[in-house]
Protein chains: 4
Amino acid sequence: MAESYRIRTDLALETTERFAEENVEIRGVEIRENYNEEKDMKTTVVKIRTENGAKAMKRPQGTYITIEAPDLSLPDEDYHREVAAEIASHLRQLVDLGEEKSILVIGLGNQAITADSLGPHVIDNLRMTRHIIREYGIKGTGEEKMHRISGLIPGVMARTGMETSEIVQGVAAETKPDVVIAIDALAARSTRRLNRTIQITDTGIHPGSGVGNHRHGLTEENLHVKVIGIGVPTVVDAATIVHDAMAHLLDALDEAEQKEFLEEMISPHLHSMFVTPKDVDETVKYLSYTISEGLNQAFAQV
Amino acid sequence: MAESYRIRTDLALETTERFAEENVEIRGVEIRENYNEEKDMKTTVVKIRTENGAKAMKRPQGTYITIEAPDLSLPDEDYHREVAAEIASHLRQLVDLGEEKSILVIGLGNQAITADSLGPHVIDNLRMTRHIIREYGIKGTGEEKMHRISGLIPGVMARTGMETSEIVQGVAAETKPDVVIAIDALAARSTRRLNRTIQITDTGIHPGSGVGNHRHGLTEENLHVKVIGIGVPTVVDAATIVHDAMAHLLDALDEAEQKEFLEEMISPHLHSMFVTPKDVDETVKYLSYTISEGLNQAFAQV
Amino acid sequence: MAESYRIRTDLALETTERFAEENVEIRGVEIRENYNEEKDMKTTVVKIRTENGAKAMKRPQGTYITIEAPDLSLPDEDYHREVAAEIASHLRQLVDLGEEKSILVIGLGNQAITADSLGPHVIDNLRMTRHIIREYGIKGTGEEKMHRISGLIPGVMARTGMETSEIVQGVAAETKPDVVIAIDALAARSTRRLNRTIQITDTGIHPGSGVGNHRHGLTEENLHVKVIGIGVPTVVDAATIVHDAMAHLLDALDEAEQKEFLEEMISPHLHSMFVTPKDVDETVKYLSYTISEGLNQAFAQV
Amino acid sequence: MAESYRIRTDLALETTERFAEENVEIRGVEIRENYNEEKDMKTTVVKIRTENGAKAMKRPQGTYITIEAPDLSLPDEDYHREVAAEIASHLRQLVDLGEEKSILVIGLGNQAITADSLGPHVIDNLRMTRHIIREYGIKGTGEEKMHRISGLIPGVMARTGMETSEIVQGVAAETKPDVVIAIDALAARSTRRLNRTIQITDTGIHPGSGVGNHRHGLTEENLHVKVIGIGVPTVVDAATIVHDAMAHLLDALDEAEQKEFLEEMISPHLHSMFVTPKDVDETVKYLSYTISEGLNQAFAQV
């Protein structure tokens with residue numbers, strides 16, 4: 001389809017699914033699926049291994065883990081605990097937590113917009129330890145070994161006058177963490193994905209992703225340490241909804257006709273709107289608990 | 001169009017516009033427009049005077065004032081002050097504030113969802129006086145006459161286990177106000193209307209209106225006092241977006257074909273989603289100030 | 001001591017302690033203590049059985065359960081779960097939850113003041129069920145029997161213009177619960193008690209109690225149903241601090257001298273101040289989880 | 001008095017007052033008072049000019065402006081506008097705003113504790129411009145010249161695991177402002193000062209000041225640019241209250257006796273408590289508007 005109408009997704013999984021629909025195999029991309037029937041939880045690990053794979057996927061090389069858990073938006077504590085354990089186990093594979101690490105967790109997004117407040121909520125529920133170890137030493141904590149956890153809610157550009165990446169770069173340069181973990185609310189391509197999918201990647205946060213559409217990324221390139229991105233899709237761009245509803249109408253048209261048709265159909269100001277479930281307040285609350293619990297579990301042991 | 005697809009709007013103005021497009025005049029409905037060019041503010045007063053008019057408009061008889069102010073979502077204080085004065089002047093026409101009144105203001109909606117938090121925000125900025133007069137008498141206030149203002153944020157059913165109408169009926173029965181004014185975030189039919197339109201009506205709040213879709217209304221019938229509704233559209237139902245984008249495609253079809261076509265197009269779970277502008281946090285903040293300022297001005301004098 | 005300087009406490013336990021210090025036994029008052037050494041949790045049940053006892057205790061007849069748990073302000077999840085179970089078990093003794101009940105939980109206090117926000121926080125974490133049963137019937141819930149839980153955050157008089165008791169009376173008259181449970185932040189006499197004590201009583205909330213100093217109570221007398229009060233001391237009146245520091249100085253004086261001395265010492269505007277721990281944000285967060293968890297457990301079974 | 005009991009104040013004015021009471025003139029310290037009777041607003045400018053003065057005042061050399069405005073905690077909009085103008089005029093004297101500047105405003109304190117949330121509230125009401133100029137250039141703003149304003153809410157150590165100074169140093173090193181302005185809630189020595197006093201100083205924020213007791217300062221020394229501190233006292237340390245109540249008792253004792261007496265009187269855990277007015281929610285709201293309005297006015301022109 002015409003590039004200008006290629007509809008945005010922050011989920012690697014949605015890109016692989018599109019290829020799968022078209023029955024195309026992408027060289028340099030490895031996909032492993034695991035479905036736990038009892039827990040109704042599906043985990044897909046997409047590894048982009050070559051430059052060719054990265055080009056096809058329009059994403060940097062690296063690992064993209066997607067946990068799909070249909071009941072994530074329901075208030076079932078046991079279920080959330082299992083998802084938290086799944087998150088913790090993947091994190092411990094992406095980051096070597098077998099030795100003491102200093103980890104800076106960034107809660108991206110806008111606290112004042114429910115659908116974009118996931119990252120800040122996660123920070124609110126994390127156990128910070130870095131300042132305790134600095135003040136009392138590791139002995140003062142009563143543990144033998146301990147990760148040094150710190151966290152920041154940088155805020156959004158319209159409210160700070162600064163790029164998020166500027167703030168995080170400054171703080172990372174000053175506090176020198178070994179790893180940065182950035183939590184963000186994402187845009188999905190399909191409303192069916194909302195609030196039931198968690199993506200964990202070792203490639204960080206890239207420009208143009210997130211509900212708030214970061215202009216610069218948080219990546220190993222600009223932070224000089226490994227960056228893990230954890231995201232949950234909470235919105236879909238409003239234009240996508242229209243696009244999808246008309247998808248099979250469009251199939252009958254050639255590319256130029258599609259472009260013309262869509263230009264006419266999708267009013268430009270739709271791109272300044274997003275679509276979100278009516279119970280977004282509850283789901284963001286549950287999801288942020290689950291993710292912070294996953295992080296707390298992952299960090300609990302050295 | 002097939003009834004089941006008649007897309008929802010809480011704005012009387014949008015209904016009259018649809019009739020205007022079709023060049024239909026509705027008997028029993030009186031429309032007066034006033035455009036203030038200097039201020040770029042348009043006020044439309046729709047009066048539904050007969051049962052026939054009410055049927056055509058699918059709304060109860062009464063007065064519906066709509067203020068359209070394109071710059072409402074911008075941070076221009078002087079402009080907001082003028083809109084507040086416009087609100088105050090209409091309120092003083094709908095409610096006789098020439099003699100002391102006891103007024104209960106209800107902030108409807110869900111504080112935890114940005115797009116639905118308009119009503120609660122308005123209450124936060126209102127000057128309450130009822131308790132002062134009750135405690136110290138009117139002399140204690142230093143004024144000769146004064147309205148007794150009280151306010152309530154009832155919360156939403158999922159969080160209270162009660163219908164909003166039950167809560168308000170109970171509080172109104174106990175505190176016996178002369179008038180109830182209910183503030184709510186509304187659903188519009190068009191994204192172009194969002195955050196730039198204020199509707200004031202003397203018919204109260206009706207079942208099925210509001211972002212949260214009240215199941216029971218707040219009306220003179222169930223509260224036994226006059227009920228003024230003040231609403232600002234902050235969302236559009238997600239299904240509407242698709243519907244509108246395809247509007248002229250549909251024109252070519254007959255009613256049965258339209259119904260079939262739409263049933264196929266509009267995925268049912270879209271009805272549990274809403275569309276909202278990406279800067280909804282800022283606009284809800286400005287709008288709630290403007291409305292509470294309008295109320296404060298209207299109540300300042302007897 | 002001169003009555004005007006009798007320093008305020010909302011805890012029955014602190015009153016019995018004062019009598020104990022003076023080695024006075026109060027007729028009509030029964031005290032049972034239970035200390036769980038393993039959990040370091042002490043529970044005291046004070047039963048005021050006669051009018052004489054009520055007069056001595058300056059409190060209505062009824063049962064006052066106090067749970068003292070020194071680690072309540074620490075983030076130890078297992079410990080909080082045990083305290084929640086203790087709360088649940090006492091609640092089930094005060095309210096017969098062996099048959100289906102309709103229960104209205106009231107979160108008293110001011111959300112905008114950290115030390116007074118305990119009640120509203122508890123409501124935010126409660127599972128409401130009344131609306132579900134009303135809409136789908138008990139069968140729709142998948143259970144055979146179920147309590148109908150509803151909740152309300154009435155707000156404080158300065159922000160609503162209404163007495164809290166007016167709001168609760170109205171809502172109770174309309175929704176007809178079998179029991180009202182009111183959660184409130186209390187004033188203690190001693191800073192040592194703050195955030196580590198939970199009081200549960202079947203006598204409701206009385207005028208003059210609570211951080212915000214309710215002018216009217218929530219009692220069986222005005223609500224016409226049983227009222228359980230659950231309170232946690234989060235503040236001490238500022239005047240108390242001074243008073244206590246000087247206690248043994250005062251011992252040397254007779255009553256008239258004490259009065260004169262204190263009048264001089266305690267500046268009247270101290271009574272518009274309160275004392276609160278510097279980590280009140282964390283402790284209110286933990287405590288509200290523990291109490292809502294206690295309620296959720298108590299309500300989970302019929 | 002014994003050093004260990006010298007009670008803490010963040011206000012230079014309170015220190016000069018103590019000297020005045022003792023009829024001591026301090027060399028190297030210049031004091032100018034200005035009382036505007038009509039507005040009932042008193043402004044005191046204290047200039048510490050020499051090392052000797054700094055030693056006596058226990059504060060670094062520099063300018064300390066204190067605005068005392070008794071009605072600051074009342075909701076009188078006109079009065080607040082006048083105080084805002086006073087703040088703006090002093091700011092323009094401390095910082096040369098006659099040429100374009102890049103200014104980073106820091107909102108210190110804990111959003112989750114009402115008395116400590118002043119700084120974050122001020123940031124929420126500031127107009128940020130830096131990102132607009134960076135994106136569209138100065139021409140894009142429609143102005144000829146414009147200050148580049150940015151803002152940050154760093155959070156408190158217990159929630160971030162980092163010293164505030166680390167965060168601010170990092171962000172300042174990355175974004176290179178010409179000036180940093182830090183807003184903080186302060187501890188006063190007297191409850192009479194609470195919420196009616198604003199201190200503006202060109203010496204920044206020093207270790208041990210603020211409600212949250214910063215362990216490291218924000219000063220020109222560690223940020224390498226000029227640092228303006230703006231503070232409002234919102235709390236008094238609980239120990240101070242007791243101390244003051246007993247002040248004239250203490251006068252009769254010599255220094256060693258005082259120390260012994262106070263050690264006995266003031267329970268150590270009082271130092272983990274603070275005293276705050278019961279209406280702290282309203283006053284913090286008004287004060288933060290006034291200060292952000294003062295900043296917005298100061299920054300409006302080059």
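The chains referred to below are lettered A, B, ... by the order of the sequence lines, with proteins before strands, and numbering in each begins at 1. We use all heavy atoms of the structure for the numbers below, so side chains are in, but hydrogens, waters and symmetry mates are not.
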Option from Val280(D), Thr114(D), Thr276(D) for which side-chain contact (heavy atoms from CB on, under 4.5 Å) with Thr114(C) holds | Thr114(D)
Derivation of the side-chain contact (heavy atoms from CB on, under 4.5 Å) call for Val275(C) and Phe274(D) | CA-CA 5 Å; Val275(C) 178; Phe274(D) 58 64; over 6 Å; no
By a 4.5 Å heavy-atom criterion (distance strictly below it), what part of Asp116(D) contacts chain C: side chain, backbone, both, or neither?
-> neither
Taking only residues two or more places apart in sequence or in another chain, which ones pass salt bridge (charged side-chain N to carboxylate O under 4.0 Å, His left out) with Arg159(D)?
-> Asp124(A), Asp281(C), Glu282(C)
Under 4.5 Å, heavy atom to heavy atom, which residues of residues 283-292 of chain D contact chain C?
-> none
Scored by heavy-atom pairs under 4.5 Å with chain D, the best of Ala158(C), Ser272(C), Ala238(C) is Ser272(C)
Looking only at heavy atoms, the pair that brings Val242(C) and Ile241(D) closest together is CG2-CG2, 3.3 Å
Quick one: does Asp237(C)'s side chain get under 4.5 Å of Lys278(D)'s, heavy atoms only?
-> yes
